[in-house]
Structures are given as C-alpha cells and as structure tokens.
Amino acid sequence: FWATWCPPCRAELARVEKDIIKHFEGQPFVFLPVSRGEEHKTVAEFREKMGYTFPMGLDTDQSIYKKYAVTYIPRNFLIDKDGKVVKASVGYDEAEFAELVKLIENEIKK
C-alpha cells in the first residue's frame, strides 16, 4: 500500500521498476502496489509524471487497506502461492527492501 504524497512510498517505488518488476520478469510472481485513499486521476497523473508502466491498484475508500492495517505506509505484504503471508513490512528502508527481494527469490524457487 502506498500514496502519491508519501515520501517513503515514493522512494520505494523508485526502486520497484528495476529491482522487482524487471528482476522478476517472466517468473511466477506478481507485484501490485495499491494506492491507499486516492482517486484514479491523482494516481494516473503521478504514474505519467514518474514514467511508471507497471500496474497499480486503487483503494479509493481504503476498504482493502483497513483489512490489513490502520496506519502507516508504505506497507508491503509478500504472499506465497498458497495465499500465506510470508512477510509484512511497514515503512521503507533500503536493507529491508533488499531482504524483501531475497525473500521473493526464495519463494519463487520453492
């Protein structure tokens, strides 16, 4: 979960294209950032400005977000092929992001 106005979200998204989307291209993995509480127009303008081409979900009323959290973004959930949450993280930290990439690699190998 993320938002256009969130500096840590923006920092994390800046790494996503290369370190997640391209890195795992062609493998059985889906990355879907879900915008929390923002309208389609806001997210579309942000995507265009930043040059992002990967899919983004919308949670305009935060109904999905509220099932997983009550505060803080960015928030990541790594879900395995059986639907089990393998990792949940809050905030953006370079080391934790690198750990998430390794966890994804490990899950794909299973």
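Only this structure's heavy atoms are used, side chains among them; waters, hydrogens and symmetry mates stay out. Everything numeric here is computed off the predicted structure, so don't read it as measured data.
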Check: Between K49 and E45, is a salt bridge (Lys or Arg N to Asp or Glu O under 4.0 Å) present by the stated rule, with each step listed?
Finding: CA-CA 6 Å; K49 177 182 174 186; E45 288 172 354; over 6 Å; no
Item checked: Partner residues of F31 under the ring-ring contact (aromatic ring centres under 6.0 Å, His included) criterion, sequence neighbours left out -> none
Notebook entry, point to check: What is the distance from atom OG1 of T71 to atom NZ of K66, rounded to the nearest 0.5 Å?
Noted result: 12.5 Å
Check: Donor-acceptor pair, Q27 side chain versus I108 backbone, under 3.5 Å?
Finding: no
Margin query: Do E105 and F24 have side chains that approach each other closer than 4.5 Å (heavy atoms only, starting at C-beta)?
Written below: yes
Next item on the list: Please report the shortest heavy-atom distance between P33 and P55, naming the atom on each side.
Entry: CD-O, 3.3 Å
Check: Any chain of hydrophobic side-chain contacts (each under 4.5 Å) joining Y92 to M50?
Finding: yes
Next item on the list: Taking D80 for its side chain and D82 for its backbone only, find out whether a donor-acceptor pair lies under 3.5 Å.
Entry: yes
Notebook entry, point to check: So, K110 and E107, do they make that salt bridge, N to O below 4.0 Å?
Noted result: yes
Next item on the list: Is it possible for you to say whether Y52 and I73 belong to one hydrophobic cluster, with membership spreading through side-chain heavy-atom contacts below 4.5 Å?
Entry: no
Check: Can you tell me how far the CD1 atom of I21 sits from the CZ atom of R15, to the nearest 0.5 Å?
Finding: 13.5 Å
Notebook entry, point to check: Which heavy atom of Y65 sits nearest a heavy atom of D59, and at what distance?
Noted result: N-OD2, 2.8 Å
Next item on the list: Check the hydrophobic clustering (I, L, V, M, F, W, Y; side-chain heavy atoms under 4.5 Å; chains of links allowed) and say if L100 and V34 are grouped together.
Entry: no
Notebook entry, point to check: So, for D61 and S63, which heavy atoms are closest and what is the spacing to 0.1 Å?
Noted result: OD1-OG, 2.8 Å
Next item on the list: State the CD-CZ distance between E17 and F54, to the nearest 0.5 angstrom.
Entry: 6.0 Å
Note to self: With rounding to the nearest 0.5 angstrom, report the CG to NZ distance, L78 to K84.
What the structure shows: 11.0 Å
Next item on the list: Return the minimal non-hydrogen interatomic distance between L32 and G57, and the atom names on each side.
Entry: CD1-N, 3.5 Å
Checklist line | Spacing of I64 atom CD1 and F1 atom CZ [to the nearest 0.5 Å] | finding: 6.5 Å
Notebook entry, point to check: Just by distance, with hydrogens left out, do N76 and E12 show a side-chain donor and acceptor under 3.5 Å apart?
Noted result: yes
Notebook entry, point to check: How many angstroms lie between CD in E38 and CD in Q62, if you round to the nearest 0.5 Å?
Noted result: 9.5 Å
Check: Linking I/L/V/M/F/W/Y whenever any side-chain heavy atoms sit under 4.5 Å apart, do I79 and V86 land together?
Finding: no
Item checked: More than 12 heavy atoms from other groups under 6.0 Å of OH on Y68 -> no
Note to self: Measuring only between side-chain heavy atoms, which start at C-beta, is T42 closer than 4.5 Å to W5?
What the structure shows: no
Note to self: Looking at T53, is its backbone amide N or carbonyl O close enough to the side chain of R47 to form a donor-acceptor pair, meaning the two atoms are under 3.5 Å apart?
What the structure shows: yes
Check: Under 4.5 Å between side-chain heavy atoms, hopping through other hydrophobics if needed: is there a path connecting V90 to L103?
Finding: no
Check: W2 and side-chain contact (heavy atoms from CB on, under 4.5 Å): which partner among M56, R75, R36?
Finding: M56
Check: Which heavy atom in D19 sits nearest to a heavy atom in F97, and how many Å separate them?
Finding: CB-CE2, 3.7 Å
Item checked: Closest heavy-atom pair and its distance - G91, E96 -> O-OE1, 4.4 Å
Checklist line | Crowding at OH, Y72 (>12 non-hydrogen neighbours, <6.0 Å) | finding: no
